[in-house]
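One structure below.
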Amino acid sequence: MAEFLQILASGLTVGAIYALIGLGFSMIYNTSEVINFAQGEFVMIGGMVTVTLYAGGQIPLAVAALAAIGITALVGIAVERLAIEPAPQNNLTTLIIITLGVSITIRGLAEVVLGKNFYHLPAFSGDTPFDLAGAEVTPQAFWVIGSLIAVMLALAWFFNRTRLGKAMLATSQNRMAAELMGINVKMILRLSFALSALLGAIAGVLTAPITMTKYDVGVMLGLKGFCAAVIGGLGTATGALFGGLLLGVSEALAAGYISSSYKDAVAFIILLGVLFFLPEGLFGRARGERV
Amino acid sequence: MFGARSFLYGLTAATAAVTLAAWPLAASAAGKPIKIGAFVSATGPGSFLGDPEGKTLKLEVARINHDGGFLGRPLQLVLYDTGSDTKQAVTFVRKLIDDQNVDVLIGGSLTGSTMAVIPIVQNAEIPYISLGGAVEIVEPVKKWVFKTPHTDRMAVEKDYIDMRQRGISHIGLIAGSVGFDESCRGQAKDLAAKYKITIIDDETYAPTDTDMTPQLTKIRAHRDLQAVLDCGSQAPTAITARNYQQLGMTKIPLYYTHAVDSQEFIDAAGSAAEGIRVPAAAMLVAAQLPDNDPQKKIGLAYGKAYTAAYHQPISTFGGHAYDALLLYTLAVKKAGTTDKAKVRDALEQLHGIVGVDGIYNLSPTNHMGLDTSAFHMVEIHDSQWKLLY
């Protein structure tokens with residue numbers, strides 16, 4: 001039983017990270033239908049900038065983390081303004097390819113500016129694990145899962161209770177109608193990039209003490225987050241949440257009970273299964289094609 | 001996506017090559033320079049290897065030129081960054097041989113890139129000293145191919161010998177899924193019977209994994225577990241150590257190979273590194289060696305020079321490059337010329353050469369020349385390497 005709990009705790013922590021990244025994918029997809037493959041780079045920037053400020057600049061960890069999250073949000077806005085906005089908006093494939101280019105550019109810049117080694121951030125509340133019925137769980141795991149819950153609550157409040165959030169929802173449902181209702185769609189698009197960069201950065205800061213960070217960690221984390229979003233249904237917050245947790249837990253169970261060699265295969269089998277039987281994802285709604 | 005990625009690596013590599021191609025024409029040395037062609041993984045996943053290797057080569061070439069060069073000729077280093085991409089390594093090796101007409105090739109930080117360029121090197125008949133780890137590079141012997149790093153096989157043997165001395169016979173094995181790890185894992189299984197070691201569990205992880213507690217939980221569940229050997233060579237190695245501590249397994253001895261012999265590993269693992277045992281070359285513990293140890297002087301000198309130039313502690317990887325250049329210059333000295341065939345023959349006759357990685361005894365049947373005596377057993381203590389024996 002202790003063994004099962006240990007593996008479950010590992011799966012939930014990793015899954016919460018995937019979910020945070022998946023949320024970022026969903027947010028941009030919602031407002032613009034663009035799949036932003038630079039999402040993983042936001043995660044990387046969050047972690048790397050925090051480490052640089054903390055270790056290099058001798059800035060307290062909390063301040064460094066907040067500054068890094070802010071900087072990443074600005075990078076998100078810059079990406080939208082400089083790369084997405086000037087491009088022709090009628091071709092999604094072009095936009096997606098642009099995000100690929102953006103991710104390579106950011107990664108290259110990070111390698112030159114921030115360094116190419118692995119960097120490590122101290123855990124927020126120390127390394128002494130808690131004993132949960134025999135399972136050893138690090139305090140950082142609670143930070144990750146707690147932050148995911150806080151982010152989900154904040155997002156629910158934002159989309160249901162604020163005018164800005166409702167404007168974003170309206171844009172995602174029908175861009176033209178929203179524009180006709182006087183919503184500044186351009187601003188909404190920028191905001192969605194800023195918000196998803198912010199989510200990515202939070203994930204990056206939270207994971208840096210667990211996984212360490214490097215200029216290229218965004219590639220794999222981004223892909224896993226994308227899988228999470230697709231499994232849950234692109235564009236839904238609940239989908240990204242459950243998609244991420246499902247992915248993390250099944251990977252951990254596969255590694256713990258079947259064989260660690262099949263771990264990644266299990267993730268892809270779930271992805272294929274979901275796409276085959278529920279093409280819109282577990283929580284996705286069927287979307288009508290705009291003509 | 002990966003095509004685009006390698007394009008970027010190509011671009012960076014090309015830029016790096018332009019900036020790094022050193023033209024060290026020391027005033028004192030006259031004559032046509034001796035061209036050293038080098039290709040290392042200074043960026044990309046193998047940067048922890050290639051970065052110190054490239055820096056060491058630059059440092060040593062500058063030092064030799066400052067001292068007046070070699071055979072009255074300066075050394076000229078042409079250094080390329082492969083971005084840890086095997087295809088780039090092949091392209092650069094072709095360039096080094098065909099366009100730059102180099103006298104010797106040093107490099108191939110990764111076993112994969114080394115294996116890919118061997119056919120070209122053999123065809124071009126040029127001496128090549130590889131910096132790759134796996135034993136397959138020099139076994140079977142290839143006419144023009146030499147290497148300086150200790151093999152995975154030697155490291156496993158050293159670990160097994162230490163385990164037997166501590167009365168350990170039942171171990172868990174964990175390794176990544178990259179080239180060195182796979183090879184090391186194979187060697188660990190292969191050598192187990194010889195050292196009467198029973199591998200009771202064998203787990204793997206991907207190089208991008210972020211949490212190894214499921215695998216370690218599985219290993220921990222074995223009641224007869226006495227030690228764990230981690231064959232990991234890339235970054236997640238520090239995560240394994242941290243998870244090991246998290247699961248309260250620190251009473252069970254944890255072993256690694258020389259693939260983690262850098263300060264970066266200790267820093268990343270933090271307090272979890274305490275008590276970990278690794279086989280290591282003398283240079284890492286040079287200051288702790290007895291004064292009569294032949295490797296003490298050269299190890300200290302290299303460490304001092306490297307740290308002074310780059311403000312970083314040495315890792316075992318830069319030492320491979322140091323020794324590669326040392327072996328080449330000694331072979332040139334022995335041959336009295338840079339003629340490729342004569343230098344190659346001279347390389348095979350180098351005996352008792354004291355390098356930072358060990359004492360080299362090369363021969364026509366041994367193109368590496370090190371044995372397990374090149375390793376010391378080292379334990380990490382208070383974030384420092386502590387020499388055991």
(request) Verify, without hydrogens or angle tests, whether B:Q215 (side chain) and A:A255 (backbone) share a donor-acceptor contact under 3.5 angstrom. (result) no
Gap separating the [atom1] atom of [X] from the [atom2] atom of [Y], nearest 0.5 angstrom:
X: B:R242; Y: A:M212; atom1: CZ; atom2: CE; answer: 7.5 Å
X: A:Q6; Y: B:N243; atom1: CD; atom2: CG; answer: 9.0 Å
X: B:Q246; Y: A:F130; atom1: CD; atom2: CZ; answer: 12.0 Å
X: B:T43; Y: A:D216; atom1: OG1; atom2: CG; answer: 10.0 Å
X: A:E136; Y: B:L216; atom1: CD; atom2: CG; answer: 12.5 Å

(request) With a 4.5 angstrom heavy-atom cut-off, could you sort out which part of B:D51 is near chain A: side chain, backbone, both or neither? (result) side chain
(message) Heavy-atom cut-off 4.5 Å, strictly under: side chain, backbone, both or neither for B:E203 against chain A?
(response) both
(request) Mind running side-chain contact (heavy atoms from CB on, under 4.5 Å) on B:S47 and A:K214 for me, showing each step along the way? (result) CA-CA 11 Å; B:S47 64; A:K214 195 183 177 190; 4.3 Å; yes
(message) Heavy-atom count check: over 12 atoms from other residues, nucleotides or ligands less than 6.0 Å from B:W385 CH2?
(response) yes
(request) Tell me, for A:V217 versus chain B, whether the close heavy atoms (under 4.5 Å) come from the side chain, the backbone, both or neither. (result) neither
(message) If I compare all heavy atoms of A:I7 with all of B:P214, which pair ends up nearest, and what's the gap?
(response) CG1-CA, 4.1 Å
(request) Kindly indicate whether the side chain of B:D211, heavy atoms from C-beta on, has any atom under 4.5 Å from the side chain of A:I210. (result) no
(message) Tell me which of these, B:L247, B:I174, B:D202, B:I219, has more heavy-atom pairs under 4.5 Å with chain A than the rest.
(response) B:L247
